[in-house]
2 protein chains.
Amino acid sequence: MLTNWLIIMVKARKDSNTEEKILIAARQVFIEKGLAGARMQDIADRAEINKAMLHYYFKNKDMLFEVIFRETAGKLFPHFEKLMESDLNFFDKIRSIVSSYIEMIIQNPYLPLFVMNEMNKNPEIGIKTFFEAQKPGFVKKFRESIEENMKAGLIQPINPIHLIMNIFSMCAFPFIAKPMIKLLTGLEDEQFKNLMEQRKVLVAEFIINSIRK
Amino acid sequence: MLTNWLIIMVKARKDSNTEEKILIAARQVFIEKGLAGARMQDIADRAEINKAMLHYYFKNKDMLFEVIFRETAGKLFPHFEKLMESDLNFFDKIRSIVSSYIEMIIQNPYLPLFVMNEMNKNPEIGIKTFFEAQKPGFVKKFRESIEENMKAGLIQPINPIHLIMNIFSMCAFPFIAKPMIKLLTGLEDEQFKNLMEQRKVLVAEFIINSIRK
DNA sequence: GTCTATATTCAGATAGAC
DNA sequence: GTCTATCTGAATATAGAC
């Protein structure tokens, strides 16, 4: 009997990879519902295991959430630091950032709202975790690059912070406002998706148009 | 005894105005915590009454939420319809919209995140209620005005939807991203507020700069 | 209309067998 | 490691006196 049982154990460990199933399910549920709205039962169901397992792998709901939030926040500004160091000219850097950022959000539409919302609603956990997940070096480099190009007379004077806010606002906000936009315009998902595709080039040109001398 | 009790009743009805106290408290709690995160006990405490009263005035949590959401969603696009009909020139209309919109959000910083978040998380209640609260006539008028000015050759060609998205993105998003912006820039509340004040004129000029011929 | 007390439901967490 | 069964606490909701 005991032997029999051991075999089952080993088998289970080998092919199920429960932890990964939990993480996948938790990702979906937390990002869709938020910390307050998420249900452990829901996560367990999607992972096709039972609630007890969740607590076996991750002490409690908050711990599990923290793991998900950390990895998600880490995706917010992907490879931008490298991009800032590349030898693209300033306008092409902006084009590249806008395009890849919108594409990233198209792939993860709930991501911006999730991160922003949790940082607002749960300052403790959100902020603490965000700091660890994010190497904010990219913002500094971006600011420097903007100032350089201003001094070189290539772009009009503007507070770099405002320019950066403008860029990311136009990239991220439409996804956050999607239900409202659909309601106000009568668009369907497919058409909305097309609009967002267009924005990959349109937003960059809109910005460059505004700051170029 | 009965008489005595009647006097108390009448008095209470006269000076306490419980319903209003509940609405004020519910507004605060729901907007700050969201539907899922809000607690009836919390609302009762802030209104300085007990939970039973909440159910007496508003059947249940969802009903109370719906009232708050409806009135809040109704504030989203204030007097813009009138503004579009005014005889301001197109650029001044944009200046006026941006400025008054940002000012409105400064007065109600949680409003955009609240409405967007609930519409994403609770499609049923959010969307149903939003439709009733909003007279979306302003968007239509705005689109027409943009198209007019494009045909008149006053502004560069652009899909009106994108322009409208750009405008409201730059107005609203920084407030949604406030915790992240503070983290990334190291700004304090006071300085952040100053930035937002600046944006009342800056965002409009940024837009006009981009679309003007 | 307002309160206290209580019922009900739900969700997070644990115990213990296998 | 995984499951079933159970506990505990929290949160919504109701009953009933005044």
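Order of the sequence lines fixes the chain letters, A, B, ..., with proteins taken first and strands second; residue numbering starts at 1 for each chain.
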Centroid-to-centroid, A:Phe30 to A:Phe69, below 6.0 Å?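 Not under 6.0 Å, so no.
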
So, for A:Phe168 and B:Phe173, is the gap between ring centers shorter than 6.0 Å?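 When the ring centroids of A:Phe168 and B:Phe173 are compared, they turn out to be at least 6.0 Å apart.
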
Heavy-atom count check: over 12 atoms from other residues, nucleotides or ligands less than 6.0 Å from B:Glu48 CD?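 Counting other residues, nucleotides and ligands, CD of B:Glu48 stays at 12 neighbours or fewer.
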
Separation of [X] atom [atom1] from [N] atom [atom2], in whole Å?
X: A:Tyr56; N: C:dG12; atom1: OH; atom2: C1'; value: 19 Å
X: A:Phe65; N: C:dA13; atom1: CZ; atom2: C1'; value: 19 Å
X: B:Lys59; N: D:dT14; atom1: NZ; atom2: P; value: 7 Å
X: B:Leu54; N: C:dG1; atom1: CG; atom2: P; value: 15 Å
X: B:Leu64; N: D:dA11; atom1: CG; atom2: C1'; value: 15 Å
X: B:Asn60; N: C:dC10; atom1: CG; atom2: C1'; value: 16 Å
X: B:Lys33; N: D:dA10; atom1: NZ; atom2: P; value: 15 Å
X: A:Met53; N: C:dG12; atom1: CE; atom2: C1'; value: 16 Å

Minimum heavy-atom distance [X]-[Y], with the two atoms named:
X: B:Ile167; Y: B:Val98; answer: CG2-CG2, 3.9 Å
X: A:Gln191; Y: A:Gly186; answer: OE1-O, 4.4 Å
X: A:Arg46; Y: A:Val29; answer: NE-CG2, 3.6 Å

Within less than 4.0 Å of OP1 or OP2 of C:dT2, is there a side-chain N or O belonging to B:Tyr57? yes

On the nucleotide C:dT14, are OP1 or OP2 found under 4.0 Å from the side-chain N or O atoms that A:His55 carries?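 Answer no for this pair, as no side-chain N or O of A:His55 is under 4.0 Å from OP1 or OP2.
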
At a heavy-atom distance below 4.0 Å, what parts of residues 43-52 of chain A sit against DNA chain C? A:Lys51, A:Ala52

For the pair B:Glu147 and B:Arg143, evaluate salt bridge (charged side-chain N to carboxylate O under 4.0 Å, His left out) and give the outcome as yes or no after the intermediate values. CA-CA 6 Å; B:Glu147 270 153 9; B:Arg143 285 172 72 161; 5.2 Å; no

Can you label the angle between the B:Phe114 ring and the B:Phe65 ring as parallel, tilted or perpendicular, going by 30° and 60°?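 Perpendicular.
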
Should A:Glu71 and A:Lys75 be marked as a salt bridge (charged side-chain N to carboxylate O under 4.0 Å, His left out) after you check the CA-CA gap, both sets of side-chain angles, and the distance that decides it? CA-CA 7 Å; A:Glu71 61 158 49; A:Lys75 285 197 220 156; 5.2 Å; no

Within residues 35-42 of chain A, which residues have any heavy atom lying less than 4.0 Å from an atom of DNA chain D?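 Of all residues in residues 35-42 of chain A, none places a heavy atom under 4.0 Å from DNA chain D.
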
